[in-house]
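Here the structure is laid out as structure tokens; the discussion comes afterwards.
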Amino acid sequence: MSSRSEVTGSLSESVFIGRSAKGYTSTPELPKYTKVRINVDDDSCYEAGSGDNVLELDCPWGSQQMANDILESIVEFVYRPYDTEWAKLDPAAELGDGVTINGVFSGIYVNETNFSTLMAARIAAPQENAVDHEYPYKSPTDRKTTRQFAETRASLRVNAASIQAEVTARETSEAEMRAALELHAQEIAARVTQTGGNSASFGWSLTADGFVLESSGQEVFKATKYGVDITGKITATSGFIGSKNKGFTITDNAIYNALSSLYGTVNGVYIGTDGIALGGGKFRVNSYGQLYATDGTFTGNVYANRIQTGGDAGTIQGSQIGSGTITTANTNGYLNGGIANGYFAGDVFSGAAIASALNTNSFGLNSDTFNLRGNTIYKISNSSLGIKYLGYY
């Protein structure tokens, strides 16, 4: 058990009452704190000590050293509950002071003073934690903050021309919230303004001409007899643009008029996350970039890795093929072979390739014409030339 001097060191003042009290009762002292936990936020805390009797505190600036220091200062503290009907108490005594009564040292945690003969007071140290619920302790800093920085002011002014109401709450020395409502014959207006830190304001005005919403001095919504003007972001997962029957329908992933799906056959327009379609199935482009159209005209260049024809895709006619506009890919074998032979013959006559054999009865060199007879090559004039042909002259 701790001595009186040890406990007195934890209390600001000590008052001696002795037996000058009536109706004194006491209960066994509560177990000592064996562990301290400081909650910094919902996910982190600092702990010191061990055991089940825990002193739990909330402090966003807590640290491990702080938990260690608190445990060291309270580890020997003993809380002794008691109650009295009345006691002769020094009027200067305050909540939290130490008191010696009937030979037991404890603290003053309840003080109900009767301002009559002898200034008798009911003092007590409630059992368990009732004192923290009925009479919560606030540090001098908390009390100062409450008095000076949590100030709320309200005013109401009524005159023949208008009714004005205003409420102002000061959260800190620099931050303030102000709400105002004004009622005039020609206008009803309200505004909430925050100053300090992230300064902002929001207000509205109702007149005979329309309704206006403002944010930080900028008009974001205006409704008049001519319609609605909106400045800023609009989020809609349903509704209509225009009339329900003739306008566009809004869904979570598409906007459409009559044509409600990408592969639909109803004449209309569809714009969705899976593609774009119009004309009742005559034109569409899906989200993979695949284009489908029943007809079309291209006035510029067309770049394609492959062009397929036949079946429902139709045909490509010769009159539709221009010079240098078709390759041999995916054509029939005859066309492929003919074009390949033409390329090879050009290479032979240009000297880029050599033919292993020549099958002909006559050929020309520059302006002369030659015939082949037996094993001899002749000019048209029948004069023989000395040309080696198959091993002979």
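Within a 6.0 Å radius of NZ in Lys35, more than 12 heavy atoms belonging to other residues, nucleotides or ligands are found. Atom CG of Asn253 sits in a crowded spot, with more than 12 heavy atoms from other residues, nucleotides or ligands closer than 6.0 Å. Around CD of Glu187, the count of heavy atoms belonging to other residues, nucleotides or ligands within 6.0 Å exceeds 12. Taking a 6.0 Å sphere around CG of Asp41, one finds it holds more than 12 heavy atoms contributed by other residues, nucleotides or ligands.
Under the 3.5 Å distance criterion, the side-chain polar atoms of Ser243 are matched with a main-chain donor or acceptor of Lys246. Put simply, the side chain of Asp97 gets close to the backbone of Glu94: a donor and an acceptor are under 3.5 Å apart. A donor-acceptor pair under 3.5 Å links the side-chain atoms of Ser106 to the main chain of Arg80, judged by distance alone. A donor-acceptor pair under 3.5 Å links the side-chain atoms of Ser261 to the main chain of Gly264, judged by distance alone. Of the possible polar contacts, one joining the Thr84 side chain to the Ile123 backbone as a donor-acceptor pair under 3.5 Å is found. Side-chain atoms of Thr34 come within 3.5 Å of backbone N or O of Ser50 as a donor-acceptor pair. Of the possible polar contacts, one joining the Asn53 side chain to the Pro31 backbone as a donor-acceptor pair under 3.5 Å is found.
Under the 4.0 Å criterion applied to side-chain N and carboxylate O atoms, Lys32 and Glu76 are assigned as salt-bridge partners.
Put simply, OH on Tyr256 and OG1 on Thr251 are 6.5 Å apart, with the number rounded to the nearest 0.5 Å. We find the CD-NZ distance between Glu85 and Lys22 to be 5.5 Å, quoted to the nearest 0.5 Å. One distance of note links CG of Asn102 with OG of Ser26; it measures 8.5 Å at 0.5 Å rounding. Atom CH2 of Trp86 and atom OG of Ser20 lie 7.0 Å apart (nearest 0.5 Å). Taking CG of Leu259 as the start and OG1 of Thr249 as the end, the distance is 11.5 Å to the nearest 0.5 Å. Taking OG of Ser73 as the reference point, atom OH of Tyr33 lies at 12.0 Å (rounded to 0.5 Å).
Residues Ile250 and Ile271 are members of one and the same hydrophobic cluster, defined by side-chain heavy-atom contacts under 4.5 angstrom among Ile, Leu, Val, Met, Phe, Trp and Tyr. In the hydrophobic cluster analysis, where Ile, Leu, Val, Met, Phe, Trp and Tyr join through side-chain heavy atoms closer than 4.5 angstrom, Leu57 is grouped together with Ile74. Hydrophobic clustering (ILVMFWY, side-chain heavy atoms < 4.5 Å, transitive): Ile241 and Val269 are in one cluster. Cluster annotation: Tyr292 is not connected to Leu278 through the hydrophobic network of ILVMFWY side chains, with a link wherever side-chain heavy atoms come within less than 4.5 Å. Cluster membership for Tyr24 and Ile17, using ILVMFWY side-chain heavy atoms within less than 4.5 angstrom, is shared.
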Verdict with reasoning, Ile70 to Ile38, per side chain to side chain contact (heavy atoms under 4.5 Å, CB included): CA-CA 10 Å; Ile70 293 175; Ile38 301 178; 4.1 Å; yes
Stepwise side chain to side chain contact (heavy atoms under 4.5 Å, CB included) test for Thr207 and Gln186: CA-CA 6 Å; Thr207 66; Gln186 72 279 9; over 6 Å; no
Full working for side chain to side chain contact (heavy atoms under 4.5 Å, CB included) between Leu213 and Glu219: CA-CA 6 Å; Leu213 292 178; Glu219 184 178 290; over 6 Å; no
Tyr82/Phe105 under ring pair (Phe, Tyr, Trp, His ring centres under 6.0 Å): CA gap, chis, key distance, verdict: CA-CA 10 Å; Tyr82 72 93; Phe105 184 79; over 10 Å; no
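Among Thr113, Asn111, Asp83, the single residue meeting the side-chain hydrogen bond (donor to acceptor under 3.5 Å, both in side chains) criterion with Arg122 is Asp83.
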Identify all side-chain donor-acceptor contacts of residues 280-288 below 3.5 Å with residues at least two apart in sequence or on another chain.
| unit_1 | atom_1 | unit_2 | atom_2 | d |
| --- | --- | --- | --- | --- |
| Asn286 | OD1 | Tyr288 | N | 3.0 |
| Asn286 | OD1 | Gly289 | N | 3.2 |
| Asn286 | OD1 | Gln290 | N | 3.0 |
| Asn286 | ND2 | Gln290 | OE1 | 2.8 |

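Ring geometry for Phe211 against Phe221 counts as perpendicular: the plane angle is over 60°, on a 0 to 90° scale with 30° as the lower cut.
Side-chain contact check for Asp229 and Thr231: no donor-acceptor pair (N or O, by modelled atom type) lies under 3.5 Å. Of the N and O atoms on the side chains of Asn68 and Gln64, at least one donor lies less than 3.5 Å from an acceptor on the other residue.
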